[in-house]
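Within every chain, numbering begins at 1; the chains are lettered A, B, ... in the order of the sequence lines, protein sequences first and strands thereafter.
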2 protein chains.
Amino acid sequence: MKRDSRLSGVLHVLLHMAEHKGPMTSEVLAQAMCTNPVVIRRIMAGLRDRGYVRSEKGHGGGWTIARDLSTVTLRDVYEALGRPPLLAMGNRTEAPGCLVEQAVNAALGETFEAAETLLLSRLGEITLAELGADFHRRLSARGGRENLDAIHPAPAA
Amino acid sequence: MKRDSRLSGVLHVLLHMAEHKGPMTSEVLAQAMCTNPVVIRRIMAGLRDRGYVRSEKGHGGGWTIARDLSTVTLRDVYEALGRPPLLAMGNRTEAPGCLVEQAVNAALGETFEAAETLLLSRLGEITLAELGADFHRRLSARGGRENLDAIHPAPAA
DNA sequence: AGAACATGTAACATGTAAAGTTACATGAAA
DNA sequence: TTTCATGTAACTTTACATGTTACATGTTCT
């Protein structure tokens with residue numbers, strides 16, 4: 001089953017925005033993510049509705065961080081995406097009258113629920129500011145000479 | 001994202017087999033699972049290779065439990081399926097040279113790994129025999145008058 | 001031996017959801 | 001008023017689990 005990478009992607013975009021002065025267009029962000037501007041707008045829509053980012057049209061427009069990153073957790077971002085499924089496996093739901101199915105679903109259900117709870121809890125403990133700090137640690141360790149805008153090269157013409 | 005229900009399905013099949021005297025054909029199991037005999041053979045192949053079940057051809061053939069169910073955990077079954085992905089979300093892996101990506105992947109990776117570890121650990125603590133026992137508890141609670149072979153009705157002709 | 005049965009497996013078809021794309025409307029700045 | 005940028009609907013593509021068909025292999029019964 002193919003994994004959903006929207007959370008990873010949107011976090012990536014947010015950190016790039018945080019490191020950038022002024023608005024960034026969907027186009028620029030899309031290149032950084034090797035994807036399409038529309039995809040960027042799509043995954044950013046939920047964040048905008050919740051006030052984590054702001055978007056502006058016209059010349060000099062684009063996306064801007066709208067909240068102190070220390071007040072936004074990874075869980076907040078996850079929920080802004082619409083709470084997509086966390087687990088790749090689930091219970092069959094046909095034949096709920098079958099006692100075998102009930103026994104299987106009970107055992108698996110508890111297990112899956114525990115994992116989801118753990119995931120949400122962990123995501124809720126990590127703020128975007130902490131991710132940014134981790135990035136800066138890595139940057140210093142590398143000598144602080146990273147050119148962020150050049151890391152994701154545009155595809156050859 | 002659509003959830004993979006093969007684990008749930010194969011557990012269902014195994015419990016039905018455990019409650020049934022003698023071999024069960026892929027055809028019968030497929031009807032119970034509202035699916036196709038070939039699908040049954042596919043998800044059972046890994047279990048057969050590991051010796052959890054045995055298959056026999058010809059008249060009176062079909063599938064049989066080949067191991068004491070108290071020696072087989074849900075994790076064993078999961079691994080016999082080929083360890084399909086447990087989580088629906090994953091890290092983007094493009095641009096590993098980007099420090100932003102590294103910071104994001106590190107945080108998400110730890111979180112995802114913790115959840116996977118928890119899932120595998122829990123699955124490893126539940127044996128098929130325990131699932132069977134749970135089924136029998138439910139059966140008694142309902143009066144013990146369940147007709148297993150009639151619960152999953154064949155589609156109307 | 002021959003017919004009926006059941007698994008083993010490759011090859012192909014279908015359903016579904018994320019990701020990617022196109023097209024165009026809305027609104028802001030030069 | 002032209003250019004730029006987002007907003008969004010509609011469509012295409014891609015990936016993969018699932019479903020199906022076809023046929024080979026092997027087993028049991030008569």
Side-chain angles (χ1 to χ4, degrees), chain A residues 1-10 12-13 17 22-49 53-64 66 78 81-94 155, chain B residues 1-10 12-13 17 22-49 53-64 66 78 81-94 155:
Chain A
M1 165 158 306
K2 188 167 193 189
R3 284 166 149 116
D4 183 341
S5 63
R6 281 176 295 173
L7 180 58
S8 173
V10 75
H12 195 143
V13 164
M17 286 169 60
M24 296 183 80
T25 67
S26 303
E27 178 113 90
V28 168
L29 291 172
Q31 281 192 336
M33 300 283 299
C34 296
T35 182
N36 194 285
V38 177
V39 175
I40 298 292
R41 295 189 190 116
R42 233 157 23 201
I43 65 181
M44 297 289 276
L47 300 187
R48 184 192 55 225
D49 295 345
V53 298
R54 186 174 26 245
S55 64
E56 280 162 318
K57 297 179 176 177
H59 275 279
W63 298 92
T64 327
Y78 163 73
L81 288 180
R83 305 184 191 228
L86 291 168
L87 302 185
M89 317 192 69
N91 282 329
R92 281 167 36 89
T93 46
E94 323 167 30
Chain B
M1 166 157 304
K2 187 163 195 191
R3 286 167 150 114
D4 183 342
S5 64
R6 279 175 295 176
L7 179 58
S8 174
V10 74
H12 195 144
V13 164
M17 285 170 59
M24 296 183 80
T25 66
S26 303
E27 177 115 294
V28 168
L29 291 172
Q31 281 191 336
M33 301 281 301
C34 296
T35 183
N36 193 287
V38 177
V39 175
I40 298 293
R41 294 189 191 117
R42 242 174 352 218
I43 64 181
M44 298 289 277
L47 299 189
R48 185 193 54 224
D49 294 345
V53 298
R54 185 175 26 243
S55 64
E56 280 161 319
K57 296 179 177 177
H59 275 279
W63 298 91
T64 327
Y78 163 74
L81 288 179
R83 306 185 191 227
L86 291 168
L87 302 185
M89 318 192 69
N91 282 329
R92 281 167 34 88
T93 44
E94 323 170 28

With a cut-off of less than 4.0 Å, is there a side-chain N or O of A/Ser26 near OP1 or OP2 of D/dT6?
yes
With a 4.5 Å cut-off on side-chain heavy atoms, are B/Trp63 and B/Arg54 touching?
no
Atom-pair distance (CD1 on B/Ile40; P on C/dT7), nearest Å
10 Å
Starting from C1' on C/dA17, measure out to CE on B/Met89 and report it in whole angstrom.
14 Å
Hey, does B/Arg54 reach any base, or is it just sugar-phosphate, or nothing, if we go heavy atoms under 4.0 Å?
nothing
Figure out the CD/C1' separation between A/Glu27 and D/dG7, and round it to whole Å.
16 Å
Hey, does the side chain of B/Ser55 come within less than 4.0 Å of C/dG8's phosphate (OP1/OP2), counting only N and O?
yes
Do B/Arg6 and B/Pro84 come within less than 4.5 Å of each other through their side chains, counting heavy atoms only?
yes
Output a table of donor-acceptor pairs, distance under 3.5 Å, between side-chain atoms of residues 35-42 of chain A and any protein atom two or more places apart or on a different chain; print 'none' if there are none.
from: A/Asn36; atom 1: OD1; to: A/Val38; atom 2: N; distance (Å): 3.0
from: A/Arg41; atom 1: NE; to: A/Ser26; atom 2: OG; distance (Å): 3.3

Can you check whether A/Ser5 has a side-chain N or O nearer than 4.0 Å to OP1 or OP2 of C/dA19?
yes
Using the salt bridge (charged side-chain N to carboxylate O under 4.0 Å, His left out) criterion, which residues pair with B/Arg48? Sequence neighbours excluded.
none
To the nearest Å, give me how far apart CZ (A/Arg6) and P (C/dG20) are.
11 Å
Atom CG in A/Leu47, atom CE in A/Met17: separation rounded to 0.5 Å?
8.5 Å
Would you give the length of the straight line joining atom CG of B/Leu86 to atom CG of B/Asp4, rounded to the nearest 0.5 angstrom?
9.5 Å
Rounded to whole Å, how long is the line connecting atom CG of B/Leu47 with atom P of C/dG8?
12 Å
Using a 4.0 Å heavy-atom cut-off, write out nucleotides 20-30 of chain D from 5' to 3' as B (base contacted by protein), S (sugar-phosphate only) or - (no contact).
BB---BBBB--
Whole angstrom value for the distance that separates P of C/dA6 from CG of B/Leu29
12 Å
